[in-house]
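Numbering of residues begins at 1 and proceeds along the displayed sequence.
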Amino acid sequence: MCNAQKNHLQLAALLEQVTDSSSTLTNLVVSRIRSEVPHYSVVPLPSHREAVGRQVVGILAGLREHRTPSASQISDARDLGRQRATQGIALGDVIEAYHVAYREIWNELLKLARTENAGHSEPLLAAVALLWNWFHRLSAAVAEAHSDELRTTSTTRAVIQREFLEALATGNAPLHPGLATVLGFDPDAPFQVACLEGLPRHLITNLDKELADSGGAVLYDDERTVVVLQNHPASDFLQSMHALAASAIAGIGHVRTGMSGAAESLKDAQLALDRASRLGRSITLADDWLMAALDDSAGHLTPLLQHGTEVAASNDRLAETVRAFATSGFLSRSVRGNYGSTRTR
């Protein structure tokens, strides 16, 4: 018997032994993945074991039969890639998990080969290229499907975000609670809305990703950029926004309940943003509501205040005199006196 035939038989025997203990190998792979790739903690342990076990058995069978992955195994890998994408696991982590799995399969074969062959691993040489082929084809299928799922999800989310923004802006939000639900909001809970200025479009996705997992979403169209928050402190949102774009400005509305409240909070936020733009810094309407309201009503107030403005302009000392009276407390005593005499009439 030539060496090639001998190595072939020894490899078959090694693969048979590893297959017999595949459940132990599966548990080892799962443990290593969850230790080395922490984000896999979001995957339920039973389903993780099932997926890894199915792949371990399939790979070992392929090596025994000297074949590459079948069409069904490629399809399974694609399904797994889509599933991991929906679970929020980054593609880099998914590929790293595949590295861990193949490393552990190889290490198990290597350890057994050296035990059975007095420290020699020649029988495994014939399996190197084939094992690499399995890793390459399955990880490529996973990566492609993962990316496709993210693109589809991103496109779907973007469409829903635009529809939600339109519903808020037109006051039709109470008719579309499903839009809020799909974006992760409770339509009956309190909302707080912010209008943004100066956040570059290429950073909107980054901010949306950061807020999506903690009660927030960035909505935008050709005219505006809006952030909707729920159970997410406005101060934390501002910190995230300014970390991305220090010069960006936000006007933040009041916290209001329900879908109609969200629409009203958007109006608050638009009013606050007008004031914030004048100040050159982010504000909440609650902190500067009076000046925000006066700024918004300046056009209406001008005719009423015109005479007083003209008098003040023609009397340089008038403002100083009024301040002196106010500082002395004379004005407040006078107002109280006039108010009291009015009530006794």
Side-chain angles (χ1 to χ4, degrees), residues 161 164-166 168-171 173 190-211 214-257 260-313 316 318-324 326-327 331:
Q161 287 170 319
F164 189 32
L165 177 55
E166 182 179 0
L168 291 174
T170 58
F191 289 87
Q192 188 170 27
V193 178
C195 288
L196 277 56
E197 181 181 281
L199 181 67
R201 282 294 169 91
H202 71 278
L203 294 178
I204 288 177
T205 300
N206 295 359
L207 182 59
D208 185 53
K209 286 181 178 177
E210 186 166 342
L211 295 177
S214 55
V218 183
L219 320 178
Y220 69 95
D221 57 20
D222 295 335
E223 300 177 0
R224 66 203 136 194
T225 302
V226 171
V227 168
V228 179
L229 303 171
Q230 190 170 83
N231 300 320
H232 188 103
S235 57
D236 290 355
F237 146 68
L238 286 175
Q239 185 176 0
S240 298
M241 181 188 75
H242 289 143
L244 290 172
S247 61
I249 293 174
I252 304 172
H254 296 306
V255 176
R256 298 181 184 269
T257 300
S260 59
E264 289 301 313
S265 188
L266 173 59
K267 295 177 183 177
D268 297 338
Q270 290 170 333
L271 184 62
L273 181 62
D274 290 340
R275 178 66 179 163
S277 297
R278 290 184 176 92
L279 296 174
R281 59 179 173 83
S282 298
I283 67 165
T284 63
L285 186 59
D287 292 337
D288 211 356
W289 62 270
L290 178 58
M291 290 308 301
L294 290 176
D295 284 345
D296 189 54
S297 302
H300 303 294
L301 294 174
T302 297
L304 299 175
L305 301 177
Q306 184 173 0
H307 178 66
T309 302
E310 292 173 351
V311 171
D316 296 339
L318 179 59
E320 182 180 341
T321 302
V322 172
R323 291 192 189 97
T327 301
L331 284 178

- Evaluate whether atom CD of Glu197 has more than 12 neighbouring non-hydrogen atoms of other residues, nucleotides or ligands under 6.0 angstrom away. yes
- Query: What are the two closest non-hydrogen atoms of Ser282 and Ala250, and how far apart are they?
  - Reply: OG-N, 2.9 Å
- Task: Of all the heavy-atom pairs spanning Arg256 and Gly261, show the shortest one and how long it is.
- Result: CB-O, 3.3 Å
- Message: Under a 3.5 Å distance rule, please check whether Asp221 uses its side chain to pair with a backbone N or O of Arg224 as donor and acceptor.
- Response: yes
- Query: Can you name the nearest heavy-atom pair linking Leu266 to Cys195, along with the distance?
  - Reply: CD1-SG, 3.7 Å
- Query: Going by heavy atoms in the side chains, are Asp268 and Val193 under 4.5 Å from each other?
  - Reply: no
- Looking only at non-hydrogen atoms, find the nearest pair between Ala262 and Leu168 and report the distance. CB-CD2, 3.7 Å
- Task: Give, for atom NZ of Lys267 and atom CG of Leu285, the distance between the pair rounded to the nearest 0.5 Å.
- Result: 13.5 Å
- Task: First locate atom CG of Leu199, then atom CD1 of Ile249, and finally report the distance between them rounded to the nearest 0.5 Å.
- Result: 11.5 Å
- Message: If I take atom CD from residue Gln230 and atom CD from residue Gln192, how far apart are they, to the nearest 0.5 angstrom?
- Response: 11.0 Å
- Item | Heavy-atom pair with the smallest gap, counting every atom of Gln161 and Ala217 | NE2-CB, 4.4 Å
- Query: If we only count heavy atoms from C-beta on, is the Val226 to Gln270 side-chain gap below 4.5 Å?
  - Reply: no
- Can you tell me how far the CG atom of Leu219 sits from the CG atom of Leu196, to the nearest 0.5 Å? 10.5 Å
- One should read off an interatomic distance between Asp287 CG and Arg275 CZ, to the nearest 0.5 angstrom, of 12.0 Å
- Does Ile252 reach the side chain of Phe237, with side-chain heavy atoms less than 4.5 Å apart? yes
- When rounded to the nearest 0.5 angstrom, what is the spacing between CD in Glu210 and CE in Met241? 12.0 Å
